[in-house]
Every structure is written in C-alpha cells, then in structure tokens.
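The chains referred to below are lettered A, B, ... by the order of the sequence lines, with proteins before strands, and numbering in each begins at 1.
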2 protein chains.
Amino acid sequence: MTHSEEDYIKAIYHLGGTENKRVSTNAIAEQMETKASSVTDMIRKLSEKEYVSYKKYQGVSLTDNGEKKALSIVRKHRLWEVFLVDKLDFSWDEVHEIAEQLEHIKSEKLIDSLDKHLGCPKFDPHGDPIPSKSGELTKTTKKLLNEVELNQTGICVGVKDSSAPFLKFLDKHGIALGDKITVLDKEDFDGSLQININDKSILISHQIASNLYVRCD
Amino acid sequence: MTHSEEDYIKAIYHLGGTENKRVSTNAIAEQMETKASSVTDMIRKLSEKEYVSYKKYQGVSLTDNGEKKALSIVRKHRLWEVFLVDKLDFSWDEVHEIAEQLEHIKSEKLIDSLDKHLGCPKFDPHGDPIPSKSGELTKTTKKLLNEVELNQTGICVGVKDSSAPFLKFLDKHGIALGDKITVLDKEDFDGSLQININDKSILISHQIASNLYVRCD
DNA sequence: ATATATTTTTAGATTTGTCTAAAAATAAAG
DNA sequence: CTTTATTTTTAGACAAATCTAAAAATATAT
C-alpha cells in the first residue's frame, strides 16, 4: 500500500466515511488539499483494491478492510504522538506534522514494541483514543468543559482555540494538559464555572470553558 | 529533497564517492539494485542541484553540499538504529531495514531531541560512528578481532558472518555485543587467540576471531 | 418542470522515477 | 593500433500521482 493511498484512506476515515456513511469527492479533495479529479482517480484504484466501496457520483465509504487499514494508520499516528510528547518532550501542539510522516513507517514489530515502550497508552496527547492492535476504539467522548455536568470530573486533553493568547492564559492560571478538573458550580448568569484544579478552586469564564476539551471516562 | 534522491546520495557516500574519488554509474546501480540508465538520469538531477559533480562517462563524486547531506542522512539512520536497540529492545541485526525508512523523516528538532534522549551516542549498534550534527565523524577503525594487537582491548561491535550457527556459538560462549575483549595471547601455530572477556579467559579459533568486529578507541 | 448552479467525472497533459533496447564512448586484448 | 568487450548514455515507453479544462450527472431554485 502506497504512502498516498494511505493518506486517502485516512482522510476518508476522518470524514466519517465508514459504516454506510458515504463521503463526497469534494470533501476528500478539500481535506487533502488536492483537486476533485485526482480524488476520483485514486478512489478508482482504492475501489479496485477493495478498500472502499464506490459508486459513480455517489461518493465512497470504507469497506471493512479499508476501515481496518485506517484504524491501523490512526493507531500508528497516535502512538508516535505519545512518543514525541512523553519521550522527546515535544509539546502536544507540535507533533502532528511529524506523526504524519512517522505513521507511514512499515513494521509491525516496531509498532508493537513502541506500544509496549510507551506503556500501552489508551489516549494520545490530544485526548483522542488510540485504536488497539485489533482495531478496537475506546469510545469516550471528549467534550468542551462547559458541557461537563455539575460535580463531574474530567481530564484536560486539549484546546479548541490554540492561539498564543489563550495558551498564555492557561499557562498563567496553571491549567495544563493532563490536569484533573472538577466542575464545582455553574453560574446561570454568565455561564462562568467554578472549578477545582490542582487542589485549588478557581472561577473561569464561559469563553474559557468553551475552548477547553476534557475527557470524562 | 526527495526520498529517492536521498537514497542515491547515501549510496554514493557509502561507495566512497567523496574527497575527489569518483564512483561509477554501474557501482551505484548495483548498490541500489536498479539499472544503470536510471542512475544516469538521477545523477543528472543531483548534478543540477549541485549535490554531486558529474562528468559524462567519468562517474560522480559528492560536492561539499552533497557530503553534508549524506552525513545528515547517515546520522539519522544510525541514531534510529540506537533507538531501536536501546529503547525498543530490537537486536542489532534487525534494525537496518526499519532505520532505512526512518532516516527519511524530516524534522531537525526530532533528530536533536532523539539524540539527547539517547544520550548523544557516538556509535551505532554495529559499532559505526554517528556523525555529529555539524557533520563530524569520530574516526575510529572497526577491525576484525584477529587483527587486534597483543594486550590491546576492544569492544565487540559486530560480526562479519551473521549466520545462525555463528551467532549461536557466540551466545553459547557468552560473547555478546558491547563486551570488552582483551587479546592475551596469539598462537602462531593455528592463529587461535587467548582472550579475556567478562573476567574469564577463553581460547577461540582463528575462524571465530576473523568473523568478530571490535572497536579499539 | 425547466433553467441554472454545483458536483463529479473524463480526457489529455505533466512530473518523477523507473525500465528496455539501441547507440556512443571508453577500456581491454590481441 | 585495430578489434572486441564493457560501460555509460540516449531515446522512447511506462506507471503513479497529479493537474487543467471540458463534459456529464446531480442538485437547486424559481
């Protein structure tokens, strides 16, 4: 399987082109920053190889085989992200591009060993689940902090707004990736939240809360 | 710089096509398991990009720029080999193929971090020196054990014969990669060697000695 | 429902890296 | 110093992945 074929499979997967949902040619073209005509060509090839089911003008969806392939690529991508953050001290927002390259390295033993070396992590640095070797996904929803219910606890796994000012704000108030956050109170008036983080209780605005992703297992 | 271009540069480097020594088209073709005509084409391109100096029918040699590039690729290759052996518990004879893929990953920060993470190693698992970031090579000769002088000490860094029987022999007699070996005596009669290894003194045949590489710093 | 707009596909061209087969240059041998 | 053999280069073709421009199918709007 080609580097490029893998990229297409992954794109279709991320657009949700699985379990009977069909994905349009244009959507894939946009996702991959290429032209629709190129997409049609590649889809033809993937269809012949039975990674996708394709009907002219009706879009594509992954076959079982294609989805398995997609999950294996996603697994590699996310494991490498964990490696970069946990072992090489990259910050979670600079690993994507490199993982995009590393995910194409071909060696089953390499991925198995890497997985063990990292302690078989279940989530990547952005809080997204890592598919198991057999392709199972831990189905946990990552949600915005303002959607978390009262007295529930979540782990901070990412940001929606990744602008420098926002990241600086988080840094200043001691909110970091991996921190455990409990929602103590919700103000009806302006939607601001009283939260517990690192054994301190602080008040944060709705705008902050609606840009912070947490995972509640 | 393309994946393929990098492969050619590396091949020329390994054939010694540096410092005024020219390498023949056929030699490159053989090394890369491709055809001479393909080599000519690629050499043209590399010549235009000034990575090699090329005169028709006279072979090629790397320019300063090309050599720098080659050293950077070799550096990546060998650092990844160390990673695979030291961190992922690969054995030193199964890492080459994977490192061949990993050496093409593009990220300066990645290699710098990897280097630090591994403790800035000076040699790869085969005993070959790892070029520094600026392209300097520790010039130590790796030699066969039977070429080591009396009372000199070397570190076991590889084998010439990598057949299963030989590796089994080494295992059985407790000779492993990284072991310190001192040559205590040489028998004129049959060339066998009395060596000290792991605080034990043993006698090994010339045939064994002439298939074991050591590094004497 | 018919005209218009959008999406998707086709047809033909391009680039990269490769190949085969034939021609040209160099090296080796008598 | 010719003739033969080897090496290297050219010429032309091919597969992969892409693009542009035009045609075909589908969707939208009045």
Here the salt bridge (Lys or Arg N to Asp or Glu O under 4.0 Å) pairs for residues 112-123 of chain B, sequence neighbours left out, are B:R75-B:D115, B:D112-B:K133
Using atom names, set out every protein N or O paired with an N or O of nucleotides 9-16 of chain C below 3.5 Å, distance rounded to 0.1 Å.
| from | atom 1 | to | atom 2 | distance (Å) |
| --- | --- | --- | --- | --- |
| C:dT9 | OP1 | A:Y54 | OH | 2.4 |
| C:dT9 | OP1 | A:Y57 | N | 3.0 |
| C:dT9 | OP2 | A:T25 | OG1 | 2.9 |
| C:dT9 | OP2 | A:T40 | OG1 | 3.0 |
| C:dT10 | OP1 | A:R44 | NH2 | 3.3 |
| C:dT10 | OP1 | A:K56 | NZ | 2.6 |
| C:dT10 | OP2 | A:R44 | NH1 | 2.9 |
| C:dT10 | OP2 | A:R44 | NH2 | 2.4 |

Can you run down the ring-ring contact (aromatic ring centres under 6.0 Å, His included) pairs that involve residues 6-38 of chain B, sequence neighbours left out, and say none if there aren't any?
none
Table please: side-chain donor-acceptor pairs of residues 28-37 of chain B below 3.5 Å, with sequence neighbours left out.
none

Who are the side chain to side chain contact (heavy atoms under 4.5 Å, CB included) partners of A:D161, not counting sequence neighbours?
A:S163, A:F166, A:N211
Whole-Å distance between D:dT18 C1' and A:Y8 OH?
8 Å
Which residue pairs satisfy the salt bridge (Lys or Arg N to Asp or Glu O under 4.0 Å) criterion with at least one member in residues 76-92 of chain A, sequence neighbours excluded?
A:R78-A:D124
Residue pairs, two or more places apart or on separate chains, that pass ring-ring contact (aromatic ring centres under 6.0 Å, His included) and touch residues 26-49 of chain B:
none
Scan B:I73, B:L79, B:V74 and name whichever one has a side-chain contact (heavy atoms from CB on, under 4.5 Å) with B:P131.
B:V74
Taking CG from A:L46 and P from D:dA16, how many angstroms apart are they, rounded to a whole number?
13 Å
From CG of A:N26 across to C1' of C:dT7 the rounded distance in Å is 6 Å
Under 4.0 Å, heavy atoms only, any strand: does B:S4 hit a base, just the sugar-phosphate, or nothing?
sugar-phosphate
Starting at atom CZ of B:R22, determine the distance to atom P of D:dT8, rounded to an integer number of angstrom.
12 Å
Less than 4.0 angstrom between a side-chain N/O of A:T34 and OP1 or OP2 of D:dT18, yes or no?
no
For DNA chain C, produce a single dot-bracket line, 5' to 3'. Pairs: Watson-Crick or G-U wobble, both distances under 3.5 Å. Symbols: ( ) within strand, [ ] crossing, | other strand, . unpaired.
||||||||||||||||||||||||||||||
Does B:K109 qualify as a cation-pi partner of A:F90, given the criterion of NZ or CZ under 6.0 Å from the six-membered ring centre and within 45 degrees of its axis?
yes
For residues 109-146 of chain A, pull every pair meeting ring-ring contact (aromatic ring centres under 6.0 Å, His included), keeping only residues two or more places apart or in separate chains.
A:W92-A:H126
Which nucleotide wins on minimum distance to the side chain of A:M42, given the candidates C:dC19, C:dT8, D:dT18?
D:dT18
For B:K35 and C:dC19, what is the distance between atoms NZ and P respectively, to the nearest whole Å?
6 Å
